[in-house]
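I have placed the structure first, in the form of C-alpha cells, so that the comments after it can refer back to it.
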Amino acid sequence: MKSKYNLSDYPLWTALVTPFDDNNHVDFATLAQLVRAQQAAGNGILLLGSTGEGLALSQQEQRDIVQFVCELSPTVPLMVAIGGHDLTLQLNWVEFCNAQPIDAFLVGSPLYAKPGNVGLTHWFKTLLDASEHPCMLYNVPGRSAVAISPNVIENLSSHPNLWALKEASGDIATFESFRKASPELAIYSGDDGLMPYFAQAGAAGLVSVAANAWPQQTAEFVKRSLAGTYPNLFTTWTDAVNSLFSVANPIPVKVLMHLQGQLETPRLRPPLTHLELSDTTFIKTANSTILSWS
C-alpha cells in the first residue's frame, strides 16, 4: 500500500511519547493534543517506539493507540514501530497495522537473542515481505544488544519495501558504512545531538526525542542542519539535547513535558520511573534556551 505522502518530504519524525494518567492508563485526551502539536509543526509521527514505551504496553493498548491516532486523521504521516523477539507476534502486528491507514513501519532488531547476519537478514526480510507499507530499519545496538551490519543492508538493499534506516549507534563511521552498503537508502539520524554531523554526511533527516518537547524548534534545527546553516546553534543544541539523556529515555523528556504542561503526569511504565530524575535544573535550563529561539 503506497503512502499518500511523499515520505522524503518529512525530514523530521517525532518518536512520540505515550502519555499515562494517574491510574497508569493511556491518556488518550493528552495523546490527541500531542498529535495536534506535531501536526502543527509539520513533523511525521512515530508511534510505539522506545520513546513511546511500546514494549511496556499490552497488545491491546498498542492496538488502541494506533486506531485512536488513525481516527484523528492527522495531516502528517504516521509510522508504527515493530519490536520484540517473537517473529510470529510481530507478523500478527504487521497484519493488524496493514489494515490501518498508516504510512510506514519502523522495524527493529529482535531483542535479547543477538542473531548474526543470516538471522538478522531473515528477520528483516520476513517482516519486509509481510508489510504493505514502506519500512525504516532501526539500528540501535545499545537497546537491542545486536548491531545491524552493512552486510545485512546489502542483503536487503533491493527489497521494494525497504525505504530507510534509522541509525542510532552514535558512530559516524557506522553511518558512512551504511551509505557505502546502499547508496540509495535514506538514512536518518537516531541521535538528536548528532544531527549536524549526520547532515554533513548525507542524512535524510532525524527521528527525534527532543521534538516531543520542542516540535517547532526541532523542525527548524533539522531544516538548518540539512541546509548547512546550523553552526551558530550547534553547541546550544547539543547542551540542551544532552539534558534529555541524563537518565534513560524517555524519562527526562516526559518530566520536561510535564513541567511544560503538555503532560498531566510524568508517569512511565516500570521498570522506568520519573523518580530516576531527581534534579530538573538542567532540563529547565535547556527548555528556556530552546524556547528562546522562537
Side-chain angles (χ1 to χ4, degrees), residues 7-8 10-18 38 43-55 77-84 104-111 120 124 127 134-150 152-153 156 162-179 181-182 185-215 218-219 221-223 225-226 230 234 237-238 240-253:
L7 299 183
S8 64
Y10 294 84
L12 175 58
W13 291 80
T14 302
L16 203 67
V17 300
T18 300
Q38 296 302 325
N43 303 334
I45 296 172
L46 166 63
L47 300 175
L48 305 177
S50 52
T51 303
E53 300 172 79
L55 295 180
L78 295 176
M79 180 160 42
V80 176
I82 301 170
F105 286 112
L106 178 72
V107 189
S109 302
L111 306 178
L120 276 178
F124 286 125
L127 293 169
C135 294
M136 176 187 288
L137 304 191
Y138 185 14
N139 185 44
V140 58
R143 285 189 180 269
S144 65
V146 61
I148 300 174
S149 74
V152 171
I153 297 301
L156 300 167
L162 179 58
W163 150 56
L165 174 71
K166 177 184 177 184
E167 161 49 20
S169 69
D171 180 13
I172 194 71
T174 300
F175 178 96
E176 293 285 7
S177 70
F178 288 135
R179 289 271 292 172
S182 183
L185 187 66
I187 306 180
Y188 289 72
S189 173
D191 293 291
D192 283 271
L194 293 180
M195 181 57 203
Y197 291 117
F198 277 39
Q200 285 186 316
L206 171 68
V207 181
S208 174
V209 173
N212 280 283
W214 309 309
T218 306
F221 187 77
V222 170
K223 179 181 176 181
S225 293
L226 293 173
Y230 65 84
F234 177 45
W237 173 258
T238 301
V241 164
N242 285 345
S243 74
L244 298 181
F245 297 93
S246 56
V247 293
N249 176 54
I251 296 171
V253 75

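Numbers here simply count residues along the sequence, with the first being 1.
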Working for side-chain contact (heavy atoms from CB on, under 4.5 Å), residues Ile153 and Leu137: CA-CA 9 Å; Ile153 297 301; Leu137 304 191; 4.0 Å; yes

Tell me, with the steps shown, if Phe178 and Glu167 meet side-chain contact (heavy atoms from CB on, under 4.5 Å). CA-CA 9 Å; Phe178 288 135; Glu167 161 49 20; 3.3 Å; yes

Please lay out, stage by stage, how Leu120 and Ser109 fare under the test side-chain contact (heavy atoms from CB on, under 4.5 Å). CA-CA 7 Å; Leu120 276 178; Ser109 302; 4.0 Å; yes

Check the pair Leu16, Thr51 against side-chain contact (heavy atoms from CB on, under 4.5 Å), reporting the backbone distance first and the verdict last. CA-CA 7 Å; Leu16 203 67; Thr51 303; over 6 Å; no

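Rounded to the nearest 0.5 Å, atoms CZ (Phe198) and OG (Ser225) are 12.0 Å apart. Taking CE of Met136 as the start and CG of Leu165 as the end, the distance is 8.0 Å to the nearest 0.5 Å. From Lys223, atom NZ reaches atom CG of Leu206 across 16.0 Å, with rounding to the nearest 0.5 Å. The structure places CD1 of Ile82 at 6.0 Å from SG of Cys135, a figure rounded to the nearest 0.5 Å. With values rounded to the nearest 0.5 angstrom, Trp237 atom CH2 is found 5.5 Å from Asp192 atom CG. Atom CG of Asp171 is separated from atom CD of Glu176 by 10.0 Å, given to the nearest 0.5 angstrom.
With sequence neighbours left out, the ring pair (Phe, Tyr, Trp, His ring centres under 6.0 Å) criterion links Phe124 to no other residue.
In terms of heavy-atom proximity, Arg179 sits nearest to Ala201 at NE-O, 3.4 Å. Closest non-hydrogen pair, Gly52 versus Thr18, comes out as O-OG1, 2.6 Å. Here the closest heavy-atom approach between residue Phe221 and residue Pro196 is recorded as CZ-CG, 3.7 Å. Between Leu226 and Pro11 the shortest heavy-atom distance is CD1-CB, 3.6 Å. Nearest approach of Ala210 to Val241, heavy atoms of both residues: CB-CG2, 4.4 Å. Across all their heavy atoms, Ser177 and Pro150 have their closest contact at OG-CG, 3.5 Å.
Considering Asn43, Leu46, Ile45, Leu7 as possible partners of Pro77, the one that fulfils the side chain to side chain contact (heavy atoms under 4.5 Å, CB included) test is Leu7.
With contacts defined as side-chain heavy-atom distances shorter than 4.5 Å, the pair Phe105/Pro134 does not qualify. Between Pro252 and Val247 there is a side-chain heavy-atom pair separated by less than 4.5 Å. For the pair Met195 and Val222, the minimum side-chain heavy-atom distance is below 4.5 Å. For the pair Val209/Pro250, no side-chain contact is recorded, criterion being any heavy-atom separation below 4.5 Å from C-beta on. Residues Leu185 and Leu162 are in side-chain contact: their nearest non-hydrogen atoms beyond the backbone lie under 4.5 Å apart.
With Tyr188 as the aromatic partner, Lys166 does not meet the cation-pi criteria of under 6.0 angstrom to the ring centre and within 45 degrees of the ring axis.
Judged by distance alone, with hydrogens and angles left aside, the side-chain atoms of Asn212 form a donor-acceptor pair with the main-chain N or O of Ala15 at under 3.5 Å. With hydrogens and angles disregarded, no donor-acceptor distance shorter than 3.5 Å links the side chain of Asn139 to the backbone of Ala147. Not one N or O on the side chain of Trp13 forms a donor-acceptor pair closer than 3.5 Å with the backbone of Leu78. Side chain of Thr218 to main chain of Pro215: no donor-acceptor pair is present (N/O by atom type, distance under 3.5 Å, no hydrogens or angles).
The closest side-chain donor-acceptor pair between Thr14 and Gln38 falls under 3.5 angstrom.
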